[in-house]
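The structure appears below as structure tokens.
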Amino acid sequence: MTTIADRVREARLAAGLSQTALAGNAFSPSYISLIESGHREPTDAALTVLAERLGSTLEYLKHGEEGPNEARIRLELSYARLDVTTGDTEAARRRLEALDLAVVTPALRVEVLSELARTHELLGDLEAAVEILEPLHADERVRGHHLEAAKLANALVVSYLEGGDLHRSVEVGEAALEDLVQQDLVGTDEHLRLGSTVLWSYVERGDLLFATHRAAELIQLAESLGSPRGRGSVYWNAALVAEERRDYALAQQYTERALALLSEGEPDRDLPRLRLNYAWLLLRSDPPEPAAALQHIRGAARDLEVLGSTVELAAMDVETARAHLLLGDPELAEEQARHAIERLGAAPRLESAVAHLALGDALHALGRTDEAAGAYQWAADVLGMMSASRQSAAAWRDLGDRYRAHGDSAAAAQAYDRALAEAGFRSTVPVGGWQVWAR
């Protein structure tokens with residue numbers, strides 16, 4: 001249990017202040033020294049001045065985490081985290097938004113707001129998550145809290161990445177990585193984790209060559225300096241780069257390594273997400289392994305139902321649908337695809353288009369070709385509303401493959417042309433209606 005002396009000294013060191021700087025014009029440095037040595041009990045008035053200079057509160061300096069406001073907010077934060085783990089993320093969001101953070105220390109305020117941003121991200125409200133994370137990240141950088149700033153930067157990179165702002169995603173991540181380099185924090189979990197997340201931003205931006213080079217650097221660094229969790233994060237993201245290069249054998253090798261490393265620690269959201277990614281790989285291996293994929297999906301399902309975002313849960317449904325279709329059960333495939341569509345709602349998004357492709361496959365296998373065509377057309381309409389990215393290019397390619405398999409050569413050609421356009425290859429020779437698809 002800490003004392004007032006301990007808390008004043010710890011807060012001063014965290015703020016990067018000398019005893020003379022903390023004393024200022026209000027106290028003498030020797031008075032601060034007496035307080036920190038436990039030889040002088042400061043008055044509430046003195047603690048109020050010190051708390052303001054230290055970015056703390058009178059209550060915290062006097063009572064620590066046992067103070068009534070601090071203890072109440074920590075209890076509410078614990079309840080909110082319990083809400084998330086039981087699947088009621090909306091209740092967690094409401095609970096956190098109702099808290100008065102003006103009466104707690106900056107450290108606890110950051111902790112609460114970070115959790116609030118996480119609930120927004122889980123609920124799919126990326127704009128709200130970014131609105132919270134940007135000022136928090138900037139403030140922690142100014143205060144010199146580089147490891148905490150790196151954690152916030154990682155969350156920001158993910159939110160911008162999921163929201164499609166790839167330029168800002170890379171910009172935030174690289175600036176935070178440079179801060180860690182300057183502070184000699186290379187090889188820490190926060191450094192490896194952030195570097196791995198930024199890696200995926202480069203992949204989405206189409207910089208595959210650079211991403212491959214960076215992945216190799218991170219693997220070498222992780223093996224020499226990283227903890228199991230940091231190394232697992234690096235191998236996971238290196239697997240994603242290998243996937244984009246269509247090197248599924250290497251991707252599977254990296255994913256297996258990541259699974260082994262992340263399984264050593266405390267269970268969290270990363271492990272079930274990685275299992276889902278492994279299932280994705282197994283369904284695309286040659287030959288595909290749908291039974292093994294379903295096994296990994298089932299292993300991830302319980303944790304994802306509690307910890308996963310809406311997008312991750314929908315992805316789980318889509319991969320389950322694909323596995324059942326490969327196993328010859330199109331009825332179950334249809335059910336899972338519709339479940340994914342229901343989760344995602346009516347808003348047009350890439351994940352909804354992918355879910356409709358899976359639904360179209362199931363319907364076609366059931367002989368309901370008109371309904372299948374409708375599902376494919378819905379996917380095409382949604383993709384047509386989206387900005388260009390590697391993900392949308394891949395989805396257009398998938399759609400073209402469906403049309404070709406079903407004998408609709410004209411629609412397949414249009415889809416392939418759009419895939420090329422999304423990937424940055426524009427038509428150079430206008431040919432009638434083709435120019436519309438190339439824009």
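Note that the numbering runs from 1 along the sequence shown for the chain. The analysis underlying the following values was restricted to heavy atoms, covering all of them including side chains, and did not include hydrogens, waters or symmetry mates.
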Which is it for Y235 and E256 under the side-chain hydrogen bond (donor to acceptor under 3.5 Å, both in side chains) test, yes or no, and what are the steps along the way? CA-CA 9 Å; Y235 274 108; E256 289 168 354; over 6 Å; no
Using the side chain to side chain contact (heavy atoms under 4.5 Å, CB included) rule, pick out the option among T255, L261, L262 that qualifies with W236.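 Only match with W236 under side chain to side chain contact (heavy atoms under 4.5 Å, CB included): L262.
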Can you name the one residue among E190, H137, E140, H145 that meets side chain to side chain contact (heavy atoms under 4.5 Å, CB included) with K151?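 The side chain to side chain contact (heavy atoms under 4.5 Å, CB included) with K151 is passed solely by E190 among E190, H137, E140, H145.
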Atom [atom1] in [X], atom [atom2] in [Y]: separation rounded to 0.5 Å?
X: L359; Y: S352; atom1: CG; atom2: OG; value: 12.0 Å
X: Q336; Y: L325; atom1: CD; atom2: CG; value: 12.0 Å
X: S33; Y: L22; atom1: OG; atom2: CG; value: 11.5 Å
X: L326; Y: D329; atom1: CG; atom2: CG; value: 11.5 Å
X: L185; Y: H146; atom1: CG; atom2: NE2; value: 7.5 Å
X: H191; Y: D179; atom1: NE2; atom2: CG; value: 11.0 Å

Quick check: are there more than 12 heavy atoms from other residues, nucleotides or ligands sitting under 6.0 Å from [atom1] of [X]?
X: R81; atom1: CZ; value: yes
X: E97; atom1: CD; value: yes
X: E223; atom1: CD; value: yes
X: L209; atom1: CG; value: no

Does the pair R214 and D207 meet the rule for a side-chain contact (heavy atoms from CB on, under 4.5 Å), with working shown? CA-CA 11 Å; R214 176 70 72 86; D207 298 334; over 6 Å; no
Which atoms form the tightest heavy-atom contact between [X] and [Y], and what is the distance?
X: Y31; Y: T43; value: OH-N, 4.3 Å
X: A23; Y: R53; value: O-NH1, 2.6 Å
X: L199; Y: S196; value: CB-O, 3.1 Å
X: V311; Y: L344; value: CA-CD2, 4.4 Å
X: W396; Y: A380; value: CH2-O, 3.6 Å
X: A149; Y: R141; value: CB-CG, 3.9 Å

Excluding sequence neighbours, so at least two apart, what forms side-chain hydrogen bond (donor to acceptor under 3.5 Å, both in side chains) with R231?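 With neighbours one apart ignored, the set is empty.
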Between [X] and [Y], is there a side-chain N and carboxylate O pair less than 4.0 Å apart?
X: R118; Y: E115; answer: yes
X: E10; Y: R7; answer: no
X: R94; Y: E90; answer: yes

Side-chain heavy-atom pair [X], [Y] within 4.5 angstrom cut-off:
X: L313; Y: M316; value: yes
X: I4; Y: L47; value: yes
X: I32; Y: L50; value: yes
X: L240; Y: V203; value: no
X: R193; Y: D189; value: no
X: L177; Y: V186; value: no
X: E244; Y: W200; value: yes
X: L271; Y: D303; value: no

Without placing hydrogens or testing angles, list every side-chain donor-acceptor pair under 3.5 Å for residues 154-166, not counting sequence neighbours.
{"from": "N154", "atom 1": "OD1", "to": "T197", "atom 2": "OG1", "distance (Å)": "2.7"}
{"from": "S159", "atom 1": "OG", "to": "A155", "atom 2": "O", "distance (Å)": "3.2"}
{"from": "Y160", "atom 1": "OH", "to": "E134", "atom 2": "OE2", "distance (Å)": "2.6"}
{"from": "D165", "atom 1": "OD1", "to": "R168", "atom 2": "N", "distance (Å)": "3.2"}

Mind listing the side-chain donor-acceptor pairs of residues 282-299 below 3.5 Å, one per line with the distance, residues two or more places apart or on another chain?
{"from": "R284", "atom 1": "NH1", "to": "W280", "atom 2": "O", "distance (Å)": "3.0"}
{"from": "R284", "atom 1": "NH1", "to": "E319", "atom 2": "OE1", "distance (Å)": "3.1"}
{"from": "S285", "atom 1": "OG", "to": "L282", "atom 2": "O", "distance (Å)": "2.9"}
{"from": "S285", "atom 1": "OG", "to": "P287", "atom 2": "O", "distance (Å)": "2.9"}

I would like to know whether H356 and V382 meet side-chain contact (heavy atoms from CB on, under 4.5 Å); could you show each step before the answer? CA-CA 10 Å; H356 276 80; V382 169; over 6 Å; no
Please lay out, stage by stage, how E243 and Y254 fare under the test side-chain hydrogen bond (donor to acceptor under 3.5 Å, both in side chains). CA-CA 10 Å; E243 284 176 23; Y254 282 161; over 6 Å; no
Are D317 and T320 close enough, and set up right, to give a side-chain hydrogen bond (donor to acceptor under 3.5 Å, both in side chains), and what steps lead you there? CA-CA 5 Å; D317 292 332; T320 303; 5.4 Å; no
Begin from the C-alpha positions of L225 and L192 and carry the test side-chain contact (heavy atoms from CB on, under 4.5 Å) through to its verdict. CA-CA 10 Å; L225 297 174; L192 293 174; 6.0 Å; no
Under the side-chain hydrogen bond (donor to acceptor under 3.5 Å, both in side chains) rule, what do S30 and S28 come out as? Steps first, then yes or no, please. CA-CA 5 Å; S30 61; S28 67; 2.9 Å; yes
Just say parallel, tilted or perpendicular for the rings of F210 and H213, cut-offs at 30° and 60°.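 Ring orientation, 0 to 90° scale: tilted.
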Can any side-chain N or O of R343 pair as donor or acceptor with the backbone N or O of T310 at less than 3.5 Å?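 The answer is no, because no donor-acceptor pair under 3.5 Å joins these two groups.
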List the steps, then state whether side-chain contact (heavy atoms from CB on, under 4.5 Å) holds for H324 with E335. CA-CA 10 Å; H324 284 305; E335 180 182 329; over 6 Å; no
